[in-house]
Amino acid sequence: MATKVYIVYYSTYGHVEKLAQEIKKGADSVEGVEATLWQVAETLSQEMLDKMRAPPKNSDVPIITPNQLTEADGLLFGFPTRFGMMASQFKAFLDATGGLWRTQALAGKPAGLFTSTGAQGGGQETTPLTSITQFVHHGMIYVPTGYTLGAGMYELEKVMGGSPYGAGTFAGDGSRQPTELELAHAFHQGKYFAGIAKKLKG
């Protein structure tokens with residue numbers, strides 16, 4: 001049976017979604033791995049989203065429920081930062097996993113993170129760092145990318161999101177899009193994570 005990797009994300013303006021799509025490509029490149037994109041439910045009203053000028057959500061990506069997490073052999077979570085921590089929409093989703101925590105239904109599953117921030121000091125490391133507690137309480141196995149990307153992790157001439165915790169991008173005022181190097185990191189994370197998930201299942 002295929003190793004199932006679920007890439008679960010929340011994206012306000014599409015930056016995290018672009019990383020998620022590239023991560024899926026990386027995961028799908030590993031033989032025997034089946035990667036699926038999922039979104040978590042929006043908690044803001046449409047009126048508020050309109051005021052924020054947020055684009056419509058991708059209707060091709062289904063909304064996941066907490067119980068569906070148990071179907072996956074590995075989970076990659078992506079979300080933008082809010083004051084150096086995960087966005088409340090994703091926190092609300094994880095807060096609803098109390099039943100899974102009680103039975104430790106996710107214990108032993110590998111998990112990883114990716115994120116988007118507004119600026120270089122906006123939480124590329126603090127966002128995943130403060131999110132690892134979710135994995136700890138569920139007994140999940142945190143899989144960071146470390147420096148396995150190689151030379152790309154040492155890029156100093158260009159602005160680059162991401163960290164040893166996982167892929168990342170900078171949104172700026174919203175107009176900046178993930179760069180080729182950031183997308184390469186995302187692809188690598190998907191491939192690297194999928195390989196580990198496959199080994200753990202195997």
Test side chain to side chain contact (heavy atoms under 4.5 Å, CB included) applied to T179 and M160, step by step | CA-CA 8 Å; T179 65; M160 177 189 168; 5.6 Å; no

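- T133 OG1 to H138 NE2: the interatomic distance, rounded to the nearest 0.5 Å, is 10.0 Å.
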Working for side chain to side chain contact (heavy atoms under 4.5 Å, CB included), residues K18 and T169 = CA-CA 10 Å; K18 286 188 177 179; T169 188; over 6 Å; no

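- The two residues F79 and A87 make their nearest non-hydrogen contact at CD1-N, 4.4 Å.
- The shortest distance between side-chain heavy atoms of T145 and H185 falls below 4.5 Å.
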Apply the test side-chain hydrogen bond (donor to acceptor under 3.5 Å, both in side chains) to residues K57 and Q39: give CA-CA distance (whole Å), side-chain angles for both, the deciding distance (0.1 Å), then the verdict.
-> CA-CA 9 Å; K57 296 291 188 287; Q39 298 183 79; 5.9 Å; no

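- Residues A20 and I7 approach most closely at CB-CG2, 4.0 Å, considering heavy atoms.
- Around the CD atom of Q46, the shell of radius 6.0 Å holds more than 12 heavy atoms that belong to other residues, nucleotides or ligands.
- The minimum heavy-atom distance linking P144 with P164 is given by the pair CB-O, 3.4 Å.
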What's the verdict on side chain to side chain contact (heavy atoms under 4.5 Å, CB included) for V16 and T115, showing C-alpha distance, side-chain angles and the deciding distance?
-> CA-CA 6 Å; V16 173; T115 191; 5.8 Å; no

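- Judged by distance alone, with hydrogens and angles left aside, the side-chain atoms of Q104 form a donor-acceptor pair with the main-chain N or O of H137 at under 3.5 Å.
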Mind running side chain to side chain contact (heavy atoms under 4.5 Å, CB included) on M86 and T130 for me, showing each step along the way?
-> CA-CA 8 Å; M86 74 169 65; T130 54; over 6 Å; no

Show your reasoning for whether side-chain hydrogen bond (donor to acceptor under 3.5 Å, both in side chains) applies to T117 and Q124.
-> CA-CA 6 Å; T117 67; Q124 288 286 318; 2.9 Å; yes

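- Side chain of K109 to backbone of A72: a donor-acceptor contact under 3.5 angstrom is found.
- A donor-acceptor contact shorter than 3.5 Å is absent between the side chain of S88 and the backbone of K91.
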Passes side-chain hydrogen bond (donor to acceptor under 3.5 Å, both in side chains), T12 versus R82? Steps please.
-> CA-CA 11 Å; T12 309; R82 297 292 184 265; 2.9 Å; yes

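- Remark: the backbone N or O of V143 is not paired with any side-chain donor or acceptor of Y192 at under 3.5 angstrom.
- The two residues L76 and Q189 make their nearest non-hydrogen contact at CD2-NE2, 3.7 Å.
- Note that CG of L75 and OH of Y6 are 9.0 Å apart. Values are rounded to the nearest 0.5 Å.
- Y165 and L94 fall within the same hydrophobic cluster, defined by Ile, Leu, Val, Met, Phe, Trp and Tyr side-chain heavy atoms under 4.5 Å apart, directly or through other members.
- At a cut-off of 3.5 Å, with distance as the only test, a side-chain donor of Y10 or E42 sits close to an acceptor on the other residue.
- Contact annotation: the side chain of M52 approaches that of L44 to within less than 4.5 Å [non-hydrogen atoms, C-beta and beyond].
- The minimum heavy-atom distance between G146 and M153, with the atom names listed, is O-CE, 3.8 Å.
- Of the inter-residue distances, the one linking Q177 atom CD with H15 atom NE2 reads 4.0 Å to the nearest 0.5 angstrom.
- One finds the CD atom of Q120 at 5.0 Å from the CZ atom of F170 (value rounded to the nearest 0.5 Å).
- L149 and L183 are not part of a single hydrophobic cluster, where members link through side-chain heavy atoms under 4.5 Å apart.
- Rounding to the nearest 0.5 Å gives a distance of 12.0 Å between CG of L106 and CD1 of I141.
- Considering only heavy atoms from C-beta on, I63 stays 4.5 Å or farther from V40 through its side chain.
- Residues Y147 and Y154 bring their aromatic ring centres within 6.0 Å.
- Side-chain rings of Y9 and F77 stay apart, their centers remaining 6.0 Å or farther from each other.
- One finds the CZ atom of R102 at 9.0 Å from the CG atom of L100 (value rounded to the nearest 0.5 Å).
- Contact check on E22 versus K25 returns a salt bridge, with a Lys/Arg side-chain nitrogen under 4.0 Å from an Asp/Glu carboxylate oxygen.
- Between Y13 and S11 the shortest side-chain heavy-atom distance does not fall below 4.5 Å.
- The minimum heavy-atom distance linking V8 with L69 is given by the pair CG2-CD2, 4.2 Å.
- Side chains of N58 and E17 form a contact here, defined as non-hydrogen atoms less than 4.5 Å apart.
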Stepwise salt bridge (Lys or Arg N to Asp or Glu O under 4.0 Å) check, R176 with E182 | CA-CA 12 Å; R176 183 185 186 276; E182 290 168 343; 3.2 Å; yes

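- Note on V5: it clusters hydrophobically with L37, by side-chain heavy-atom contacts below 4.5 Å among ILVMFWY residues.
- Note on M140 and F93: same hydrophobic cluster, where clusters join Ile, Leu, Val, Met, Phe, Trp and Tyr whose side-chain heavy atoms are under 4.5 Å apart, directly or indirectly.
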List, one per line, each side-chain donor-acceptor pair under 3.5 Å for residues 193-202, sequence neighbours excluded.
unit_1: K198; atom_1: NZ; unit_2: E31; atom_2: O; d: 2.6
unit_1: K201; atom_1: NZ; unit_2: A2; atom_2: O; d: 2.8
unit_1: K201; atom_1: NZ; unit_2: D73; atom_2: OD2; d: 3.4

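- Between the side chains of T65 and Q68, at least one donor N or O sits under 3.5 Å from an acceptor N or O.
- Between the side chains of T148 and H188, at least one donor-acceptor pair of N or O atoms lies under 3.5 Å.
- Note on L129 and F135: same hydrophobic cluster, where clusters join Ile, Leu, Val, Met, Phe, Trp and Tyr whose side-chain heavy atoms are under 4.5 Å apart, directly or indirectly.
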